[in-house]
Enquirer: 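Quick one: the structure is below, and I'll ask about it shortly.
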There are 2 protein chains.
Amino acid sequence: MKKTSVTIHDLARELNISASTVSRALNDNPRISQATKDKIRTLATKLGYQPNTIASNLRTQKTHTIGIVVPLINRYFFSTFISGVEDVAFEAGYNVIISQSKDLFDKENRVVHSLFSNRVDGIIVSVSMQTNKYDHFNLFANKNIPMVFFDRIAPDFKAHKILIDDFKCAHMATQHLIDQGCKRIAHLAGPTSLNTYRGRMNGYLDALKKNKLPVDEELVIYNRLTRVDGLTAIKQFLKLKNPPDAVLCGNDTSALSMIIYLREIGIRVPEDFCIVGFSNEPFSEVVTPAISTIRQPAFEMGQKAAELLIDEIEQKRIPENYQTIIMPSDLIIRESSSKKLYD
Amino acid sequence: MKKTSVTIHDLARELNISASTVSRALNDNPRISQATKDKIRTLATKLGYQPNTIASNLRTQKTHTIGIVVPLINRYFFSTFISGVEDVAFEAGYNVIISQSKDLFDKENRVVHSLFSNRVDGIIVSVSMQTNKYDHFNLFANKNIPMVFFDRIAPDFKAHKILIDDFKCAHMATQHLIDQGCKRIAHLAGPTSLNTYRGRMNGYLDALKKNKLPVDEELVIYNRLTRVDGLTAIKQFLKLKNPPDAVLCGNDTSALSMIIYLREIGIRVPEDFCIVGFSNEPFSEVVTPAISTIRQPAFEMGQKAAELLIDEIEQKRIPENYQTIIMPSDLIIRESSSKKLYD
DNA sequence: AACAAAAATGCAATCGATTGCATAAAATAC
DNA sequence: GTATTTTATGCAATCGATTGCATTTTTGTT
């Protein structure tokens with residue numbers, strides 16, 4: 001027996017006043033007298049009035065909703081980022097609609113359209129692994145709807161960008177491996193169409209060059225960095241005539257599977273072989289040996305993204321003043337690369 | 001220079017037809033001729049028309065949006081569950097709004113109201129650790145808006161419930177510890193106001209009784225099961241005159257911190273002390289020793305929750321036919337409780 | 001060619017809240 | 001007591017899509 005909701009018109013009728021007055025009273029408009037406001041508010045709570053946000057959204061052309069598009073919701077980095085977004089958004093009175101691209105370009109395209117049709121006030125995006133065209137974001141760009149890109153960004157958009165310095169981090173990690181005495185350092189890379197993996201790769205290469213180490217094409221493998229991919233890669237590396245003695249992995253997942261495999265076949269980490277990952281997944285700290293990795297401040301990145309987006313939505317900042325924010329990140333040295341301790 | 005969007009009226013004017021016809025054509029209403037439909041659709045794509053979902057929502061009183069309320073978005077169980085929901089929801093044409101209670105009753109109350117005002121078509125909820133009143137869900141119940149509870153449920157609502165059998169799982173885990181030769185088994189429990197922790201606790205107690213083992217009150221500690229809480233608890237257990245030789249933990253996080261602490265102080269797991277956790281976090285498999293735990297099918301639970309909810313929203317099932325679905329779950333025996341191997 | 005039946009389209013109200021402008025009521029000024 | 005402000009409230013249009021009912025156009029029948 002779904003009885004229709006209480007509306008401002010119901011309140012108005014009951015009190016013999018107009019709906020406009022009710023609306024203004026509930027929004028605390030100074031044009032309404034305190035007495036009337038009190039009367040209206042009392043009745044509103046008595047009848048259990050709940051504002052219909054949809055109607056308000058339609059009229060005001062604002063939804064107080066922000067959309068998030070990430071590759072996978074249940075990856076720790078992303079879910080923690082989302083948690084940071086939600087934290088700030090909720091306090092500012094915004095809802096968060098999440099969608100995941102599953103790292104598929106096609107799905108990303110569809111969810112972006114869907115968010116647009118739902119008239120979100122802005123979106124926060126990390127693009128899929130397959131993404132190398134960015135036309136679908138023009139939907140938003142053309143209407144000047146605020147966007148924030150993070151981690152894996154779309155280039156050439158008027159939008160804020162929130163990143164870590166992947167180049168520097170990979171450089172530091174590689175230098176660290178060199179300092180530990182590793183002689184042949186390999187790299188398991190993700191798709192270089194993405195700024196993140198491209199940056200990591202370049203940081204790796206630059207560190208080798210700075211140290212006058214040869215760059216060997218055999219020592220770089222590209223794939224999607226899943227657990228299976230990590231396994232495939234380490235087997236391939238070990239099959240080389242002149243195999244590496246260390247790998248810088250594009251993420252922690254692949255680093256983990258390498259570590260497990262190396263343990264299985266009796267190659268000691270870090271004594272015989274060093275591994276460094278990327279992103280500091282929760283398991284990296286507790287696996288044996290613990291994985292050296294790069295810490296990314298996911299929660300804070302989410303908070304920052306939400307702040308920038310909401311400020312822009314509410315025009316608290318000068319438009320066109322788009323920022324690329326590099327968040328602090330650092331190398332966490334753990335057991336998997338602490339070779340010197342054993343020399 | 002935000003130019004206002006293309007609407008059905010713009011399309012109608014351009015083609016000298018009425019907006020109703022445009023609306024019907026875009027919705028593929030059979031009352032419109034194919035020729036007209038084609039004409040309209042062509043123009044729509046040419047002008048980049050995007051439907052305004054808000055307007056449609058207001059008129060149809062449906063938002064094609066479902067709300068999720070979980071304690072913490074970035075807990076693996078929950079983020080994987082959400083991923084399952086999103087998976088099904090997206091295919092059915094629904095958006096997902098997420099919010100987290102942060103395990104605070106007050107925030108849960110606020111987000112539930114917010115979701116209601118946003119007129120979500122239904123909600124999927126796992127309540128906060130603090131929740132022991134459920135009045136705020138009457139907002140939905142009174143209007144017959146579908147709800148699905150999972151994991152931590154609100155009792156006494158006309159709603160679907162998706163659970164695992166916490167009692168049975170805890171029972172199995174306890175029996176397993178007994179079978180391994182543990183003599184004094186402790187339990188670190190969460191708030192028993194929640195069905196989950198209450199079930200686990202009762203399963204633990206029942207297993208002791210079935211095996212004619214004494215129940216010692218000192219051996220049960222209640223807290224919030226954080227990493228710090230796990231540490232506090234294990235220290236307290238070890239201080240007893242007659243300390244336990246095993247702990248069944250209410251979750252994996254607390255189990256992890258116990259394992260780390262025991263390793264630090266030189267108590268061998270599982271030889272001297274056994275640990276079983278709950279929920280199978282990603283780290284549990286890879287920590288040394290790997291944590292024995294209970295597997296919960298989070299993704300599938302999310303899919304099932306979304307299916308039930310959407311079916312009810314779309315009235316595909318007989319109302320009042322509310323189900324309590326017990327999902328399959330099992331004990332994963334790993335190193336942390338495999339004492340017999342060392343006897 | 002006339003008329004019934006079927007198909008296609010249009011009119012206008014509706015969903016619920018907001019808001020520019022107008023009006024009514026109260027307060028103040030002279 | 002009238003004119004002028006100030007304060008409080010109401011009217012009616014609006015946001016964009018949907019839909020019951022009415023109307024127009026086309027098709028089919030004899």
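Heavy-atom basis, side chains included; hydrogens, waters and symmetry copies ignored. In what follows, chains are A, B, ... by sequence order, proteins preceding strands, each numbered from 1.
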Enquirer: Looking at C:dT9, I'd like to know if its phosphate oxygens (OP1 or OP2) sit under 4.0 Å from a side-chain N or O belonging to B:S20.
Expert: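 Looking at the OP1 and OP2 atoms of C:dT9, neither is under 4.0 Å from any side-chain N or O of B:S20.
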Enquirer: Specify the separation, in whole Å, of atom CG of B:L11 and atom P of D:dA17.
Expert: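 Distance, rounded to whole Å: 8 Å.
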Enquirer: For the helix from C:dA1-D:dT30 to C:dC30-D:dG1, measure the angle between the helix axis at one end and the axis at the other, each built from five pairs, rounding to 10°.
Expert: 50°
Enquirer: Can you tell me how far P of D:dG16 sits from CZ of A:R119, to the nearest Å?
Expert: 8 Å
Enquirer: For B:T53, answer base if it contacts any base atom (sugar-phosphate contacts may also be present), sugar-phosphate if it contacts only those atoms, and nothing otherwise; contact means non-hydrogen atoms under 4.0 Å.
Expert: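 Counting heavy atoms under 4.0 Å across all strands, no contact is made by B:T53.
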Enquirer: Base, sugar-phosphate, or nothing: which does A:I17 touch, judged by heavy atoms less than 4.0 Å apart?
Expert: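 Since only primed, P, OP1 and OP2 atoms lie under 4.0 Å of A:I17, the category is sugar-phosphate.
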Enquirer: Look at the side chain of A:R59 against the base of D:dG16 and say whether a donor-acceptor pair falls under 3.5 Å; ignore hydrogens and angles.
Expert: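 Check fails, no donor-acceptor contact within cut-off.
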Enquirer: Which one, D:dT19, C:dT9, D:dG16, comes nearest to the side chain of A:L58?
Expert: D:dG16
Enquirer: Answer yes if the ring centres of A:F105 and A:H136 are under 6.0 angstrom apart, and no otherwise.
Expert: yes
Enquirer: Specify the separation, in whole Å, of atom CG of A:N29 and atom P of C:dA17.
Expert: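 Distance, rounded to whole Å: 16 Å.
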Enquirer: For the residue pair B:N74 / A:S79, report whether a side-chain donor-acceptor contact shorter than 3.5 Å exists.
Expert: no
Enquirer: For B:I40 and C:dT9, give me the distance from atom CD1 to atom P, rounded to whole Å.
Expert: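 Roughly 8 Å, once rounded to whole Å.
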Enquirer: Taking the nucleotide of DNA chain C with the nearest heavy atom to each, does B:V22 or A:N52 sit closer to the 5' end?
Expert: B:V22
Enquirer: What about B:F299 and B:F81, are their ring centers closer than 6.0 Å?
Expert: no
Enquirer: Under 3.5 Å, is there a donor-acceptor pair linking the side chains of A:S20 and A:S23?
Expert: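 The criterion, which ignores hydrogens and geometry beyond distance, is not satisfied for A:S23 and A:S20.
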Enquirer: Taking only side-chain N and O atoms of A:S33, does any of them lie within less than 4.0 angstrom of OP1 or OP2 on D:dT9?
Expert: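 Yes, within the criterion.
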Enquirer: Does B:S114 form a side chain to side chain donor-acceptor pair (under 3.5 Å) with B:S117? I'd like the steps, not just the answer.
Expert: CA-CA 5 Å; B:S114 163; B:S117 279; over 6 Å; no
Enquirer: Just to confirm, is there a sub-4.0 Å distance from OP1 or OP2 of D:dT9 to any side-chain nitrogen or oxygen of A:T36?
Expert: yes
Enquirer: Looking only at side-chain N and O atoms, does B:S18 come under 4.0 Å of OP1 or OP2 in C:dT9?
Expert: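 Indeed not, no polar side-chain atom of B:S18 lies that close.
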Enquirer: Of the listed nucleotides (D:dT9, C:dC11, C:dA17), which one gets closest to any side-chain atom of B:R24?
Expert: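 Closest of the options to the side chain of B:R24: C:dC11.
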Enquirer: Write down the distance between CG (A:L15) and C1' (D:dA8), rounded to a whole number of angstrom.
Expert: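 It works out to 15 Å between those atoms.
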Enquirer: So B:N57, base contact, sugar-phosphate only, or nothing? Heavy-atom distance under 4.0 Å.
Expert: nothing
Enquirer: Which of the following nucleotides, D:dG16, D:dT9, C:dT18, is nearest to the side chain of B:T7?
Expert: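 For B:T7, the side-chain atoms sit closest to D:dG16.
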Enquirer: Could you check whether any side-chain N or O of A:N27 sits under 3.5 Å from a backbone N or O of A:N29, counting only pairs where one atom can act as donor and the other as acceptor?
Expert: no
Enquirer: Give the rounded distance in Å between these two atoms: CG of A:N27 and C1' of C:dT18.
Expert: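 That distance rounds to 8 Å.
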Enquirer: A:I32 has a side chain; which of D:dA17, D:dT9, C:dA12 sits nearest to it?
Expert: D:dT9
Enquirer: Whole Å only: how far is the NE2 atom of B:H9 from the C1' atom of C:dT9?
Expert: 15 Å
Enquirer: In whole Å, what is the span from the CD1 atom of B:I54 to the P atom of C:dT14?
Expert: 23 Å
Enquirer: Any side-chain N or O of A:Q61 under 4.0 Å from OP1/OP2 of C:dT18?
Expert: no
Enquirer: Please check if the distance between the ring centroids of A:F140 and A:F116 is under 6.0 Å.
Expert: yes
Enquirer: Report which part of the nucleic acid B:N16 touches: base, sugar-phosphate, or nothing (heavy-atom distance under 4.0 Å, all strands).
Expert: sugar-phosphate
Enquirer: Taking the side chain from B:H160 and the backbone from B:Y322, do they hold a donor-acceptor pair closer than 3.5 Å?
Expert: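 No, B:H160 side chain to B:Y322 backbone: no donor-acceptor pair under 3.5 Å.
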Enquirer: Is the shortest side-chain N/O distance from A:T60 to OP1 or OP2 of D:dC15 below 4.0 Å?
Expert: no
Enquirer: As a test of reading the structure: which of C:dA17, C:dA22, D:dA17 is closest to the side chain of A:R31, going by heavy atoms?
Expert: C:dA22
Enquirer: Does A:Q34 make a side-chain N or O approach to OP1 or OP2 of D:dA8 shorter than 4.0 Å?
Expert: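 It does not, given that no N or O in the side chain of A:Q34 lies less than 4.0 Å from OP1 or OP2 of D:dA8.
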Enquirer: Tell me what A:S56 touches on the nucleic acid: a base, only sugar-phosphate, or nothing, going by heavy atoms under 4.0 Å.
Expert: sugar-phosphate
Enquirer: Is there a side-chain contact between A:V96 and A:T65 (heavy atoms, below 4.5 Å)?
Expert: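 No, side chains not in contact.
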